[in-house]
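Every chain is numbered from 1 and lettered A, B, ... according to where its sequence line falls, protein lines coming before strand lines.
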Protein chains: 2
Amino acid sequence: MRLLYTINFFMNSPEELVDFIQHGHQRYLPHLSIDCVVFGYHDQQLKILLLRYHGQENWNLPGGYVEWQEGLTAAAHRILSEKTQLVNLFLQQFYTFGDSPIRLNRIDIQNNHNKAFAKANVAITEQHWLSNRTLSVGYYALVDYQEVTITPEYLVDDYAWVDINEVPPLSYDHNEILDKALLTLRSQLYQQSIGLNLLPEKFTLPEIHSLYEAILGKQFDRRNFRKKMLALGVIRQLDERRKIGPHRSPFLYVFDLENSNKVLEAGAGVAL
Amino acid sequence: MRLLYTINFFMNSPEELVDFIQHGHQRYLPHLSIDCVVFGYHDQQLKILLLRYHGQENWNLPGGYVEWQEGLTAAAHRILSEKTQLVNLFLQQFYTFGDSPIRLNRIDIQNNHNKAFAKANVAITEQHWLSNRTLSVGYYALVDYQEVTITPEYLVDDYAWVDINEVPPLSYDHNEILDKALLTLRSQLYQQSIGLNLLPEKFTLPEIHSLYEAILGKQFDRRNFRKKMLALGVIRQLDERRKIGPHRSPFLYVFDLENSNKVLEAGAGVAL
DNA sequence: CCAAAAGTGTTCCCACTACACCCATGT
DNA sequence: ACATGGGTGTAGTGGGAACACTTTTGG
């Protein structure tokens with residue numbers, strides 16, 4: 001059962017924004033952020049969620065800061081729920097970024113922030129906490145595309161789901177973060193119950209088939225794919241069908257959680 | 001060719017220690033550390049390097065802080081070279097730890113530090129930079145056990161190579177870090193040229209066979225193991241043998257770097 | 001000659017691949 | 001009836017697992 005809550009937002013008024021800029025250093029750890037690569041699936045395409053902040057040209061991954069007394073994983077969940085209203089997401093840490101030039105040199109960051117935060121009428125100086133060098137912990141999330149309701153924050157001018165094959169240049173090193181997330185997702189595809197979070201509870205074989213093709217960027221034989229998924233025991237066929245218009249009704253399947261967990265334990269897990 | 005350099009040390013005098021405690025916050029990013037799990041192989045056992053700091057009962061993983069203008073990967077290499085004198089190590093980031101109680105609550109840390117730094121005669125207050133909440137980025141390293149020369153820092157009372165099956169309770173959440181490192185190592189064993197860094201340049205089949213058994217904690221059939229390694233193309237048999245006393249002389253093998261790289265590119269890489 | 005360790009080949013089975021025709025449904 | 005998409009089985013192949021005897025060497 002997936003639970004959907006409506007949660008409290010983050011910065012949805014000019015006052016909250018100014019408070020964030022002026023007092024954020026009292027609330028958040030400096031030098032550390034979290035960036036989330038949110039994968040969604042729709043229309044046979046694998047997409048990611050991008051945000052564009054006020055005054056910036058480039059798109060960004062949704063991200064945020066860690067509170068002083070907050071666990072890292074908890075922070076990732078909070079940040080994501082602030083952007084998507086989804087909780088109980090599948091969320092996986094995959095790498096911490098601290099090498100690219102943008103993460104060593106703070107000039108561009110200061111510049112960017114000044115544009116983004118122009119709405120607040122508060123200048124971000126070189127000494128300001130937001131101008132600090134910041135390392136970023138990358139998490140990827142998997143969401144059921146149709147259940148996500150994006151409620152942009154005050155600072156977010158625009159958001160978009162974009163196909164992973166048509167991702168524009170992003171701010172900072174976010175393209176690099178995305179690339180690594182995608183690599184990780186692909187390598188973990190058969191070890192984690194990936195589809196569980198990208199598909200509705202009941203789905204058809206063609207649906208999960210297309211999903212795997214979209215994620216891995218290649219094609220699979222229908223018959224062999226079904227055999228493999230059943231042999232691995234990650235999905236189970238139901239005795240129901242779905243009506244899909246003027247065509248034969250496909251069977252419905254569900255993820256077999258008991259078996260999936262066994263598969264997970266067997267495959268040692270971690271990758272790079 | 002592996003290169004061994006002697007590098008500059010870190011804290012090898014009371015003066016440097018006091019300087020570190022008093023002025024470290026000017027040199028290092030706060031709230032962030034790096035911990036390294038150094039795997040070494042000897043006597044058919046997989047071991048890790050542990051340090052014990054002055055005044056502490058428990059053992060620690062070698063670790064350190066990131067300089068303000070230093071890349072994260074560079075910091076990991078620097079920290080490790082300060083402890084082992086080895087450079088050009090295989091070093092792999094595997095997870096960032098920020099959830100366990102010790103990483104949320106700074107009391108114990110302050111307490112520990114006061115014992116450890118007693119040598120310096122400088123009290124670590126609750127406001128001191130070393131008492132801050134600290135997240136840690138985990139790296140694991142693989143070293144050729146016989147080439148490592150440990151030169152303990154001033155603060156390090158003792159060091160030890162301990163079998164991974166006999167690891168005592170460590171400080172902070174270091175046992176958790178070790179567990180995750182080991183999981184990662186195991187899952188990446190056939191994708192990375194792991195053995196390259198744990199064995200001498202030329203090695204016998206029984207040697208690499210025992211290494212794999214030690215890492216994975218289970219046994220493999222000699223004949224099948226050889227077939228698999230040769231089929232994967234990661235090792236190549238030489239026309240030399242090694243004298244090993246009153247027994248048949250085993251052939252020597254080397255890693256086939258050309259082929260290993262191909263294998264690496266093929267296998268998507270990342271895991272967690 | 002003996003003890004200890006290394007070298008080597010075959011069989012079996014399962015998992016993955018390739019491949020094409022029939023069925024169901026709504027218009 | 002037909003167009004569209006879904007469902008299904010078989011044969012071949014290659015890689016992994018199981019398995020035991022012979023050879024080398026120094027003492």
Worked verdict on A/E176 versus A/K180 for side-chain contact (heavy atoms from CB on, under 4.5 Å): CA-CA 6 Å; A/E176 187 189 336; A/K180 193 123 189 169; over 6 Å; no
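- The CG atom of B/L232 sits 12 Å away from the C1' atom of D/dG16 (whole-angstrom rounding).
- For B/R248 and D/dG27, the CZ to C1' distance is 19 Å, given to the nearest whole Å.
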Output a table of nitrogen or oxygen pairs between the protein and nucleotides 17-19 of chain D separated by less than 3.5 Å.
| from | atom 1 | to | atom 2 | distance (Å) |
| --- | --- | --- | --- | --- |
| D/dA18 | N7 | B/N224 | ND2 | 2.8 |
| D/dA18 | N6 | B/N224 | OD1 | 3.1 |
| D/dC19 | N4 | B/D221 | OD2 | 3.2 |
| D/dC19 | N4 | B/R223 | NE | 3.3 |

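- The separation between B/H209 atom NE2 and C/dA5 atom P is 14 Å, rounded to whole Å.
- Atom CZ in A/F220 sits roughly 17 Å away from atom P in C/dC19 (whole-Å rounding).
- Positionally, the nearest nucleotide of DNA chain C for B/L205 lies more toward the 5' end than for the other of A/G245 and B/L205.
- To the nearest angstrom, C1' of D/dG6 lies 12 Å from CD of A/E207.
- What separates CG of B/L230 from C1' of C/dT8 is a distance of 12 Å, to the nearest Å.
- Side-chain atoms of B/H247 and base atoms of C/dA4 include a donor and an acceptor less than 3.5 Å apart.
- Residues B/Q188 and B/Y140 have side chains that bring a donor and an acceptor to within less than 3.5 angstrom of each other.
- Ionic pairing of A/K218 and A/E213 is not present here: no N-O contact between side-chain nitrogen and carboxylate oxygen is shorter than 4.0 angstrom.
- Positionally, the nearest nucleotide of DNA chain C for B/P246 lies more toward the 5' end than for the other of B/L252 and B/P246.
- With hydrogens and angles ignored, no donor-acceptor pair closer than 3.5 Å exists between the side chain of A/R226 and the base of D/dG7.
- Put simply, CZ on B/R222 is 18 Å from C1' on D/dG16, counting in whole angstrom units.
- Spacing between atom CD1 of A/I244 and atom P of C/dC23 amounts to 18 Å, rounded to whole angstrom units.
- The aromatic ring centres of B/Y95 and B/F97 sit less than 6.0 Å apart.
- The aromatic rings of B/F225 and B/F220 lie tilted to each other, with the angle between the two planes from 30° to 60°.
- The backbone N or O of B/N165 lies less than 3.5 Å from a partner atom in the side chain of B/D163, making a donor-acceptor pair.
- One finds a salt bridge joining A/R103 and A/D35 here, because a Lys/Arg side-chain nitrogen approaches an Asp/Glu carboxylate oxygen to under 4.0 Å.
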